[in-house]
Amino acid sequence: MEAERARLLSLAIDFGFDETAAKKCLDRLIDLYGADGKEFVTVEHCGDDFLAALADTMQESEDWDDLQAAESEARVVLNRMFEKEFANDAKKDSSMHWRLDSLDRASSLTNDEDSDLEVLNQKDFLARLPGTVDLNNGQTHLPLPLKEPLKPKGGQKCAKNGSELTYKDERTSASLTFEELKAMDQMELANVVVFGNKTFRPLQHQACKAAVENRDCFVLMPTGGGKSLCYQLPATLHPGITVVICPLLSLIQDQIFTLNVKYGIPATFLNSQQTSSQSLTVIQELRKERPTCKLLYVTPERIAGNLSFMDILRCLHQKGLLARFVIDEAHCVSQWGHDFRPDYRGLCCLKQNFPGVPMMALTATATHSVRKDILSALKIPGALILETSFDRPKLKYEVVGKCRDSLKQLGQLIKERFNNMCGIVYCLSKNECVDVSNYLNQKCKIKTVHYHAGLAAHLRVNVQKKWQTGEVQVVCATVAFGMGIDKPDVRFVIHNSMSKSIESYYQESGRAGRDDLPAACVALYQKKDFSRIVCMLRGGNGFNKERFKTAMLQARKMKEYCELKTECRRKMLLEHFGESLDRHCCKYGSSPCDNCLKLSS
Ligand SMILES: Nc1ncnc2c1ncn2[C@@H]1O[C@H](COP(=O)(O)OP(=O)(O)OP(=O)(O)O)[C@@H](O)[C@H]1O
Ligand SMILES: [Mg+2]
């Protein structure tokens, strides 16, 4: 008993809990188990329960962030977009078009009655671009892009099994010649003309092709790898509607805006929080003989067990207009994933009810067991699996032990290594981001702003704008910052507190270096942060014992990452996702992790 007591105490201390509080809590636990249950008081039997009880007894001084606030704001924004659109529609007597005059060119390709690209041959297609191409004159150039012109980029590399794929000059303000356009297939042309991309990124073309061939497929690509295009492009080529299941309103908001406003592709949404008149308008559109919208975004609870929605899908299917189901952020399907959502489990009904309708599932974070679970839950065991390496070779992974004055340490780190560079500092709670931001501003004269889900929507937009335009250097944020944020030149992501899982860490740190230039991912670590994670997991909405255990396992793995002494951090991250890496690739690569760097020096 004494030996177990000592083990449990050392477990608590190892996880950063205060020793006196741990002793008290352990005495209570031993009392609870009583004389008969003594043999069960072991680390193996009740280690997690002990840590959980300990977390419960700790003073709740932190304001944990959750995505609820961001979600309700997104609902308001979506509602506004919706109302505005339909107010305009009443005037122009058309439906489901979010047109912008400046994007008429794109709209004319996708919104017109007979606009499905498949019915157009290449010549027709080009001829429909107003005043841009003289088909009798091979020299004429088609001006790009429909999106904001971006400067040509350096080659971005993606290594898979030793082979290197390079993608460069992704979007360019340079024009393409007629010859170049003529040599393109239908998908390449749509990529250029509708989406403003010069080339496909690795696997995008294969994924689009699989979709066009109506195959079920599972796409695994790193964060920011370009998964959306894999289903948005085929949606513009196919007749009918692509139904996209997306877990968060904030992600839907971002996609709806991009599709309608940037690309001129009509897209709409249904969620359980719309007013009945709003959903009725969408439903009427869907029930039309020939609906205009090409993509329909829905949240998962809209599908599972919803008979009226199933009926709408059935009607679309009967008319041959149900093009595809897309499950974005598919890791939410799996209980073993880092972001399990019970409603995603109900998506099995899609294949059951519509076996002939192809399905595409996409994620950036799935271990091998999660993948298997996703495929079986969605009932697509034979899906074509398309995966690129999760490696981000230009990201330098490091862990720095926190000193006593950790804020000073953070300020110095930014000043010395990332002076005037753009970055994100991730914090665990709302009050932590406010404190860190204030300290960096006042004591270190680093221009920062804070961001969490509790800020009003207009403040959040403001913060994002200031950071995006470079008016401030650093955002101190909770995990609420990141969804839909796609800034290319983030040079560093520092975790001021440990992430709750390897998956979250990979996603959050992956916001660095999207321009494929070197960037640093630094985790500041101290044991105490683990106990904060335990408190957060205990306090989370909809606490559930089983999920707590899974979350604890995930957090432990993250702790292991932070405590690696000599092993390669990149290797551990990749192995977590089932990918093997020869350590030499990190050690002799362009951005070795801190441990590999130590080895070579
Ligand atoms: N072929 C391409 N050429 C140039 N830019 C591209 C291409 N494909 C996608 N992009 C751009 O890359 C960015 C990231 O794309 P997207 O949001 O689809 O990534 P994602 O894989 O869904 O990332 P996340 O895992 O964060 O959701 C977007 O700005 C998108 O416009
Ligand atoms: Mg995405």
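Every number for a ligand or one of its atoms is a count from 1 in the order of the listing. Computation of the quantities below employed the complete heavy-atom set of this structure, encompassing side-chain atoms and omitting hydrogens, waters and symmetry-equivalent molecules.
Under a 3.5 Å cut-off, the side chain of Arg491 and the backbone N or O of Pro518 do form a donor-acceptor pair. At least one donor-acceptor pair closer than 3.5 Å links the side chain of Arg570 to the backbone N or O of Leu395. With hydrogens and angles ignored, the 3.5 Å screen pairs a side-chain donor or acceptor of Glu432 with a backbone N or O of Leu428.
Residue contact check: Ser228 has heavy atoms under 4.0 Å from atoms 16 (P), 17 (O), 18 (O), 22 (O) of ligand 1. Interface of Gly226 with ligand 1, defined as ligand atoms under 4.0 Å from a residue heavy atom, comprises 9 (C), 15 (O), 16 (P), 18 (O), 19 (O), 20 (P), 21 (O). In summary, the atoms of ligand 1 found under 4.0 Å from a heavy atom of Gly225, numbered by their order in the structure, are 19 (O), 21 (O).
The closest approach between a heavy atom of Arg514 and any atom of ligand 1 is below 4.0 Å. A heavy-atom separation below 4.0 Å is not found between Met221 and ligand 1.
In Thr199, the part holding a heavy atom less than 4.0 Å from any atom of ligand 1 is the backbone. Contacts between Gln204 and ligand 1, counted as non-hydrogen atom pairs separated by less than 4.0 Å, involve the side chain only.
Side-chain polar atoms of Arg511 and Tyr426 form a donor-acceptor pair below 3.5 angstrom.
Under a 4.0 Å N-O distance rule, the pair Glu387/Arg371 qualifies as a salt bridge.
Side chains of Met221 and Phe390 form no contact here, defined as non-hydrogen atoms less than 4.5 Å apart.
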